[in-house]
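Here the structure is laid out as structure tokens; the discussion comes afterwards.
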2 protein chains.
Amino acid sequence: MGYVEPHLDERCAACVVRDQALCASLADDELSALSAIGRSRPLARGQTLIWAGDSSSVCANIVTGVLKMATATADGREQIVGLLFPGDFVGQPFVEEASLTFAALTDASLCVYPREGFVEVLADYPALERLLLQRTMAALDDARARMLTLGRRSAGEKVAGFLLELGNRLPRRPGAPAAAGYVFDLPLGRAQIADVLGLTIETVSRQLTLLRASGVIALSGRRTVAIHEPTRLKRLAGAAGA
Amino acid sequence: MGYVEPHLDERCAACVVRDQALCASLADDELSALSAIGRSRPLARGQTLIWAGDSSSVCANIVTGVLKMATATADGREQIVGLLFPGDFVGQPFVEEASLTFAALTDASLCVYPREGFVEVLADYPALERLLLQRTMAALDDARARMLTLGRRSAGEKVAGFLLELGNRLPRRPGAPAAAGYVFDLPLGRAQIADVLGLTIETVSRQLTLLRASGVIALSGRRTVAIHEPTRLKRLAGAAGA
DNA sequence: CGGCCCGTTGACCAGGTTCAAGGGTTGTGG
DNA sequence: CCACAACCCTTGAACCTGGTCAACGGGCCG
């Protein structure tokens with residue numbers, strides 16, 4: 001949108017996720033096909049990239065930040081069906097009308113491609129398509145694991161597992177003493193955690209204060225979590241979350 | 001397992017799902033690469049093709065019958081994460097150790113490929129890989145829709161939506177009067193329906209008798225369902241299941 | 001025909017939701 | 001730098017959906 005790129009190869013050369021994102025499947029000199037149709041785009045916390053129901057016109061790689069994927073029932077109940085981190089692929093390349101809403105949970109930067117152009121490039125680079133297939137299958141396994149959580153785990157297990165999962169995928173909070181265990185900042189508020197786990201905001205809050213009261217974790221501010229007893233937390237999660 | 005094929009091309013020529021399964025992406029003369037490594041295999045109701053935790057050594061296409069995909073928690077609670085119908089692809093080609101159990105809900109026949117061989121053929125036929133990618137993405141959309149159901153819908157909505165979904169994918173019961181509405185046989189028992197929907201067997205049973213009592217459906221025998229008022233059923237499902 | 005399994009129904013219980021009110025944090029403007 | 005307002009989170013109490021435990025009945029198969 002009136003955003004002018006400095007120079008394409010420059011952007012890729014400096015890219016933080018050059019070899020975590022799908023781009024990792026392409027040699028330096030093959031990257032031009034992708035970068036030719038890509039534009040970098042910032043996305044502020046709270047902004048939506050794609051609305052469910054709109055024509056899904058773009059795909060993207062995440063460079064920095066965290067996004068959510070969400071659906072909702074006709075009467076407005078929301079379910080977050082996945083979180084996306086740097087290096088993850090965003091969008092539904094083969095779908096005309098998006099079935100999911102993609103929005104930023106933190107300030108983020110993306111590398112965005114027009115959907116149709118992306119599909120064409122895909123056809124020209126088998127390694128790219130192969131990697132996307134593998135990632136998609138991994139995403140499917142992840143979705144199915146989450147179905148188990150939604151359908152069969154208790155509120156306590158859900159929250160414990162969620163904290164472990166985030167702790168593994170998120171960078172440690174800068175400047176936290178190592179002895180405090182895993183310390184990180186939640187990219188989601190309580191309401192969004194509830195939407196991930198199929199609970200209400202109150203239940204999430206209560207489970208967190210239970211965990212804090214039992215000394216397994218510590219909470220400071222609204223968003224900072226320290227996992228003091230990972231072993232106990234794993235037991236509470238039903239040995240699921242990591 | 002000591003099972004001798006009559007003649008490869010013969011098998012494909014007579015195949016009921018020749019152009020619903022992945023094979024649809026291949027021309028007649030390309031099929032040989034797949035059929036060369038494939039073996040047809042019957043699977044009796046209740047039999048398991050792949051156990052979660054075992055090395056996942058095969059993939060398959062379903063020719064006839066219905067399979068389930070399931071996971072379980074460490075302490076044995078089960079969640080069925082998907083049903084598979086004729087033409088659907090079975091297995092986790094890029095995974096060494098299966099994370100799901102695949103088992104037959106009805107007598108079934110499959111076309112089975114060794115996992116590694118299948119991956120190799122995939123690399124040689126771009127159209128095959130492309131179609132598998134599209135199917136996998138569709139499966140992902142399906143899984144995410146089901147996450148919404150598991151996380152955010154009530155027992156009544158779950159059961160109503162489930163019946164609608166089955167009604168759309170299952171053949172009508174042979175010899176049923178058209179005036180009776182959609183009539184079909186459930187391929188699952190109550191316990192398995194409960195495992196699909198994240199409920200208990202008792203809740204499923206109660207919801208079904210509620211639907212019957214209100215005249216929306218009729219039940220006869222243990223497995224036959226007739227949908228008498230599809231419109232009302234859709235409203236009860238939250239306009240989700242079809 | 002008889003036994004077994006599966007499904008149904010009932011009574012009770014509990015986890016989680018709902019409704020409501022009361023603090024803390026955060027970010028903003030003076 | 002502090003004060004203030006908005007928002008988010010926490011906590012409490014009552015309610016309700018769905019789970020649990022238990023007994024019964026009916027269909028299906030041998």
Side-chain angles (χ1 to χ4, degrees), chain A residues 44-46 73 75-79 105-107 149-163 173 185-214 217-225 236-238, chain B residues 44-46 73 75-79 105-107 149-163 173 185-214 217-225 236-238:
Chain A
R45 163 191 281 205
T73 59
D75 61 334
R77 287 165 285 172
E78 183 171 325
Q79 176 68 47
L105 294 175
T106 66
D107 289 344
T149 295
L150 288 171
R152 291 301 185 204
R153 289 197 224 270
S154 70
E157 291 170 327
K158 285 176 177 179
V159 172
F162 178 77
L163 291 178
R173 185 200 173 85
D185 283 340
L186 295 169
L188 318 80
R190 301 291 186 271
Q192 284 163 331
I193 297 176
D195 284 340
V196 171
L197 299 176
L199 299 169
T200 60
I201 185 175
E202 294 93 335
T203 301
V204 171
S205 184
R206 281 188 251 265
Q207 292 299 332
L208 285 174
T209 59
L210 277 178
L211 287 173
R212 188 186 45 186
S214 66
I217 64 169
L219 301 170
S220 64
R222 275 198 273 214
R223 309 193 94 118
T224 305
V225 177
L236 291 170
Chain B
R45 162 191 282 207
T73 59
D75 61 334
R77 287 166 284 173
E78 182 171 326
Q79 176 67 48
L105 295 175
T106 66
D107 289 344
T149 295
L150 288 171
R152 291 301 185 204
R153 288 196 224 271
S154 70
E157 292 170 325
K158 285 176 177 178
V159 172
F162 178 77
L163 291 178
R173 185 198 173 87
D185 284 340
L186 295 169
L188 318 78
R190 300 292 186 271
Q192 283 163 331
I193 297 177
D195 284 340
V196 170
L197 299 177
L199 298 169
T200 60
I201 185 175
E202 293 94 334
T203 300
V204 171
S205 184
R206 281 188 252 265
Q207 292 298 332
L208 285 174
T209 60
L210 277 179
L211 288 173
R212 188 186 46 187
S214 65
I217 65 169
L219 301 170
S220 65
R222 277 198 261 201
R223 308 195 94 123
T224 305
V225 178
L236 291 170

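So that the names make sense, note that chain A is the first sequence line, chain B the second, and so on, each numbered from 1. What's counted below: heavy atoms across the whole structure, side chains too, no hydrogens, waters or symmetry copies.
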Discussion item. Taking any heavy-atom pair under 4.0 Å as a contact, classify A:Gly156: base, sugar-phosphate, or nothing.
Written reply: nothing

State, yes or no, whether a side-chain contact exists between [X] and [Y] at a heavy-atom distance under 4.5 Å.
X: B:Leu188; Y: B:Phe162; value: yes
X: B:Leu211; Y: B:Leu163; value: yes
X: A:Arg190; Y: A:Leu208; value: yes
X: B:Asp195; Y: A:Arg152; value: yes
X: B:Leu197; Y: B:Thr203; value: no
X: B:Leu150; Y: B:Gln79; value: yes
X: A:Val225; Y: A:Leu219; value: yes

Write down the distance between [atom1] ([X]) and [atom2] ([N]), rounded to a whole number of angstrom.
X: A:Leu197; N: C:dG15; atom1: CG; atom2: P; result: 18 Å
X: B:Lys158; N: D:dG19; atom1: NZ; atom2: C1'; result: 12 Å
X: A:Leu219; N: D:dT11; atom1: CG; atom2: P; result: 10 Å
X: A:Arg152; N: D:dT20; atom1: CZ; atom2: C1'; result: 14 Å
X: B:Leu188; N: C:dC6; atom1: CG; atom2: P; result: 14 Å
X: A:Ile201; N: C:dA21; atom1: CD1; atom2: P; result: 17 Å
X: B:Leu208; N: C:dT9; atom1: CG; atom2: C1'; result: 14 Å
X: B:Leu211; N: C:dT8; atom1: CG; atom2: C1'; result: 15 Å

Worksheet item: Picking from C:dT9, C:dT18, D:dT10, which would you name as closest to the side chain of B:Arg212?
Response: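 From the listed options, C:dT9 comes nearest.
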
Discussion item. Any side-chain N or O of A:Thr209 below 4.0 angstrom from OP1/OP2 of D:dT11?
Written reply: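 The answer is yes; a side-chain N or O of A:Thr209 sits under 4.0 Å from OP1 or OP2.
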
Fill in: A:Thr203 vs C:dG16: side-chain N/O to OP1/OP2 distance below 4.0 Å
no

Practice prompt. Work out how much the helix from C:dC1-D:dG30 to C:dG30-D:dC1 bends between its end axes, five pairs an end, to the nearest 10 degrees.
Written response: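 End-to-end axis angle for the helix from C:dC1-D:dG30 to C:dG30-D:dC1: 50°, rounded to 10°.
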
Worksheet item: How would nucleotides 21-30 of chain D be written as a contact map, 5' to 3', with B for base contact, S for sugar-phosphate-only contact and - for no contact, using protein heavy atoms under 4.0 Å?
Response: B------S--

Worksheet item: Mapping A:Arg190 and B:Thr200 onto DNA chain D by nearest heavy atom, which one lands closer to the 5' end?
Response: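 Final value for this comparison: A:Arg190.
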
Worksheet item: Which atoms form the tightest heavy-atom contact between B:Arg153 and B:Ala237, and what is the distance?
Response: NH1-O, 4.1 Å

Worksheet entry | Taking every non-hydrogen atom, the tightest pair across B:Ala155 and B:Gln207 |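 Smallest heavy-atom distance, with atoms named: CB-NE2, 3.9 Å.
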
